[in-house]
2 protein chains.
Amino acid sequence: MAKPSKENSPITEHLAYLLAQANREINRQLELRLSKEGVPVEQWRILKVLSDGNGHSMGELAGAVLLNHPTLTKMIDRMVSDTLVYRVQDPNDRRKVLMFISDRGKVLCRKLNSLAVDQEEHILESYGDKSTSELKRLLESLIDSSN
Amino acid sequence: MAKPSKENSPITEHLAYLLAQANREINRQLELRLSKEGVPVEQWRILKVLSDGNGHSMGELAGAVLLNHPTLTKMIDRMVSDTLVYRVQDPNDRRKVLMFISDRGKVLCRKLNSLAVDQEEHILESYGDKSTSELKRLLESLIDSSN
DNA sequence: CTTCAATTCTTGAATATTCAATATTTTCAA
DNA sequence: TTGAAAATATTGAATATTCAAGAATTGAAG
């Protein structure tokens with residue numbers, strides 16, 4: 001009897017692949033909804049993080065929205081042009097830039113939130129309440145265990 | 001008592017975000033290992049799919065490795081230059097191109113597989129056998145329910 | 001105090017990805 | 001059989017991302 005070897009297991013059985021596939025699919029669905037407002041997913045994340053009204057530095061934001069630093073800078077440039085957010089130099093540490101959400105940004109963010117909630121509800125329906133919360137729990141713990 | 005509103009839930013509680021975060025982290029780890037051979041994750045996936053020795057069309061491959069069509073074409077161009085894979089026109093349908101893995105590709109694929117297995121084992125250790133298989137199960141079912 | 005290393009953000013060039021258009025072949029209806 | 005529509009892959013231009021270098025500020029050791 002041959003020993004089952006991991007080396008030959010199909011790509012579809014790898015955790016990394018399943019994560020990529022699921023992420024891609026869910027992200028695609030979310031993109032589709034947010035495109036109603038013409039906003040990419042990352043911009044929604046940025047608005048959402050800033051919507052606590054506090055200033056957030058670029059470094060902080062980059063971590064929170066899963067973008068690397070230069071990419072974030074350029075995306076923020078666009079959002080500033082669209083007057084969704086604005087920059088303020090941190091008075092306590094002038095290397096830093098604090099980002100704030102504008103009123104226009106807040107209005108947009110509310111619309112986007114409700115589109116996103118639509119999606120989550122759609123997932124809950126087709127995938128189930130129990131599976132969803134269990135999946136979230138497992139993902140959180142995976143992320144934890146990776147640090 | 002205020003009704004708990006999903007609209008204000010922090011971004012970190014959204015399934016889409018947790019998936020993105022987990023995917024990013026696991027992918028980063030895998031990238032790190034594969035970089036020992038100087039190969040991006042997508043190329044490993046391509047080699048792995050082709051390593052069944054059968055010819056696979058570009059469309060098929062694009063679906064399997066989660067790349068869109070033009071991106072795949074250009075990545076395959078690079079891999080052909082590196083003589084890891086080669087193109088053959090499908091004799092049954094000359095619109096199609098069948099991709100095959102070369103001997104050099106096979107050798108590289110074996111090395112990459114063992115690097116990837118290293119990672120999976122590392123995950124099993126820190127995250128646990130049970131959680132891992134449960135997570136995989138849930139991801140598969142999420143992907144299923146999204147079609 | 002001064003200077004040197006570390007931190008934070010931005011910029012520009014190199015690279016990669018995507019969108020739209022194109023070329024080729026097949027399918028299928030008239 | 002012919003001609004129009006669909007399927008498949010590639011190309012080139014437009015966009016976006018990344019890497020490496022740079023500018024500004026802070027921290028901290030001497």
Side-chain angles (χ1 to χ4, degrees), chain A residues 20-21 23-25 27-32 34-35 38-46 49-50 54-82 84-100, chain B residues 20-21 23-25 27-32 34-35 38-46 49-50 54-82 84-100:
Chain A
Q21 201 181 355
N23 178 51
R24 190 181 150 90
E25 180 57 27
N27 208 58
R28 196 188 56 76
Q29 288 175 17
L30 183 55
E31 241 167 27
L32 201 64
L34 299 191
S35 71
V39 176
V41 175
E42 291 79 11
Q43 289 199 13
W44 170 58
R45 291 204 190 117
I46 292 171
V49 170
L50 295 186
N54 300 325
H56 293 263
S57 74
M58 293 295 281
E60 217 184 315
L61 255 189
V65 304
L66 313 178
L67 288 176
N68 65 9
H69 225 136
T71 306
L72 177 63
T73 292
K74 285 155 191 171
M75 181 159 284
I76 288 288
D77 286 346
R78 291 191 283 275
M79 294 176 78
V80 168
S81 300
D82 295 341
L84 297 172
V85 299
Y86 57 95
R87 292 179 162 97
V88 175
Q89 195 176 48
D90 186 339
N92 297 119
D93 182 342
R94 282 161 39 222
R95 287 169 304 183
K96 293 186 184 172
V97 171
L98 296 180
M99 297 305 311
F100 289 90
Chain B
Q21 201 181 357
N23 178 49
R24 190 181 151 89
E25 179 58 27
N27 209 56
R28 198 189 55 76
Q29 287 175 18
L30 183 54
E31 241 168 25
L32 201 64
L34 299 191
S35 71
V39 175
V41 175
E42 291 79 11
Q43 289 199 14
W44 170 57
R45 290 201 191 120
I46 293 171
V49 170
L50 296 187
N54 301 325
H56 293 262
S57 74
M58 293 296 281
E60 216 183 315
L61 254 188
V65 304
L66 314 178
L67 288 176
N68 65 7
H69 225 137
T71 306
L72 178 64
T73 292
K74 284 155 191 171
M75 182 159 287
I76 288 288
D77 285 347
R78 291 192 283 275
M79 293 176 78
V80 168
S81 299
D82 295 342
L84 296 172
V85 299
Y86 57 93
R87 292 178 162 97
V88 174
Q89 196 176 48
D90 186 339
N92 297 119
D93 183 342
R94 281 161 37 223
R95 289 171 303 184
K96 294 185 184 173
V97 170
L98 296 180
M99 298 304 312
F100 290 89

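A note on names: the letters A, B, ... follow the listed sequences, proteins ahead of strands, and every chain is numbered from 1.
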Partners passing side chain to side chain donor-acceptor pair (under 3.5 Å) against A:E60 (at least two apart in sequence or in another chain)
A:H56
Per-nucleotide protein contact string for nucleotides 5-12 of chain C (B base, S sugar-phosphate only, - none; heavy atom under 4.0 Å)
--BSSBBB
Contacts of A:R28 that satisfy salt bridge (charged side-chain N to carboxylate O under 4.0 Å, His left out) - sequence neighbours left out:
A:E25
Shortest non-hydrogen contact from B:V49 toward B:A64:
CG2-CB, 4.1 Å
Dot-bracket encoding of pairs in DNA chain D, which uses [ ] for pseudoknotted crossings and | for another strand, Watson-Crick or G-U under 3.5 angstrom
||||||||||||||||||||||||||||||
Residue pairs passing the salt bridge (charged side-chain N to carboxylate O under 4.0 Å, His left out) test with at least one member in residues 63-77 of chain A, sequence neighbours excluded, are A:D77-A:R87
With sequence neighbours left out, the residues meeting side-chain contact (heavy atoms from CB on, under 4.5 Å) with B:T71 are B:L67, B:N68
Nearest heavy atom decides the nucleotide; on that basis, is A:R94 or A:T71 closer to the 5' end of DNA chain D?
A:T71
B:W44 versus B:L34, closest heavy-atom pair with distance:
CB-CD1, 3.8 Å
How would you list, by chain and number, every residue that makes a side-chain contact (heavy atoms from CB on, under 4.5 Å) with A:Q89, sequence neighbours excluded?
A:R94
Side chain to side chain donor-acceptor pair (under 3.5 Å) filter on B:N27, not counting sequence neighbours, yields none
side-chain contact (heavy atoms from CB on, under 4.5 Å) involving B:D90 - partner list, sequence neighbours excluded:
B:N92, B:D93, B:K96, B:L98
My understanding is that only residues two or more places apart in sequence, or in another chain, count here; which of them pass side-chain contact (heavy atoms from CB on, under 4.5 Å) with A:P40?
A:E42, A:Q43
What are the 5'-most and 3'-most nucleotides of DNA chain D lying under 4.0 Å from any heavy atom of chain A?
D:dT17 to D:dT26
